[in-house]
Student: 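Attaching a single structure in structure tokens format; questions to follow.
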Amino acid sequence: MGDVWSWLLFFFTLIALLVILVFQLMCLADLEFDYINPYDSASRINRVVLPEFITQGVLCFLFLVTGHWVMSLLSVPYLYYNVRLYMRRQHLIDVTEIFNLLNWEKKQRLFKLGYVIFLLFMSLFWMIYNALEDDE
């Protein structure tokens, strides 16, 4: 039964990542359609970038600690990409360059969103599998 609880924790952590990424995409879409000014959009996105990175790092660590090696290996590329962005200081959006990089930022977040959705479905599959296995 403990494995089901751990998968449930992973599931809700992935939902939190999904919400953060959708929020960032909504801010970029609002900027694109001129509903919000560049300063507000950049500050809103920059406010949630570090929590996104920390949440993903904690998720990868939890996969590793609980012994779910496949899911840990699947989440390592996303963690590596976030660490690389942070080390190069490219993780924050510059207000003066936001319009020039708008398409790139949207594509980057859409790719991350697709990756998190893939991890979410894998987590959901393993959670259901473990729940049915415990039921027997």
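Everything numeric in this text was worked out from a predicted model, so none of it was measured.
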Student: Looking only at side chains, do Tyr81 and Gln108 share a donor and an acceptor under 3.5 Å apart?
Tutor: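 Per modelled atom types, Tyr81 and Gln108 side chains form a pair under 3.5 Å.
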Student: Drop me the distance from Asn130's CG to Phe125's CZ, to the nearest 0.5 angstrom.
Tutor: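 Between Asn130 CG and Phe125 CZ, I get 9.5 Å after rounding to 0.5 Å.
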Student: What distance separates Asn82 CG from Tyr86 OH, expressed to the nearest 0.5 Å?
Tutor: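 Atom-to-atom, Asn82:CG and Tyr86:OH are 12.0 Å apart.
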Student: Which is it for His68 and Leu62 under the side-chain contact (heavy atoms from CB on, under 4.5 Å) test, yes or no, and what are the steps along the way?
Tutor: CA-CA 9 Å; His68 298 100; Leu62 286 174; over 6 Å; no
Student: Identify whether Leu59 and Phe11 are in the same connected component of the hydrophobic contact network (ILVMFWY, side-chain heavy atoms under 4.5 Å).
Tutor: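 In one cluster with Leu59: Phe11, yes.
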Student: Please walk me through it: do Leu28 and Glu32 pass side-chain contact (heavy atoms from CB on, under 4.5 Å)?
Tutor: CA-CA 6 Å; Leu28 289 173; Glu32 184 178 22; over 6 Å; no
Student: Using modelled atom types only, decide if a donor and an acceptor are shared between the side chain of Asn46 and the backbone of Leu92 within a distance under 3.5 Å.
Tutor: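 No.
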Student: Kindly indicate, with the supporting measurements, whether the criterion side-chain contact (heavy atoms from CB on, under 4.5 Å) is fulfilled by Arg47 and Arg44.
Tutor: CA-CA 5 Å; Arg47 196 174 333 135; Arg44 288 179 185 179; 3.7 Å; yes
Student: Measuring from atom CD1 of Ile93 to atom CD1 of Ile98, what distance do you get when rounded to the nearest 0.5 angstrom?
Tutor: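 Result: 4.5 Å between the selected atoms.
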Student: Calculate, to the nearest 0.5 Å, the distance between atoms CE and OH belonging to Met87 and Tyr80 respectively.
Tutor: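 Reported to 0.5 Å precision, the distance equals 11.0 Å.
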Student: Check the orientation of Trp7 and Phe63. Use parallel for under 30°, tilted for 30 to 60°, and perpendicular for over 60°.
Tutor: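 Answer is tilted, since the angle falls between 30° and 60°.
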Student: Would you say the side-chain atoms of Thr13 pair up with the backbone N or O of Leu9, donor to acceptor, closer than 3.5 Å?
Tutor: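 Yes, Thr13 side chain to Leu9 backbone: donor-acceptor pair under 3.5 Å.
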Student: Is there a donor-acceptor pair closer than 3.5 Å between any side-chain N or O of Ser6 and the backbone N or O of Asp3?
Tutor: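 Indeed, once roles are kept as given, a pair shorter than 3.5 Å links the two residues.
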Student: What distance do Trp5 atom CH2 and Phe10 atom CZ have between them, rounded to the nearest 0.5 Å?
Tutor: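 The distance works out to 14.0 Å.
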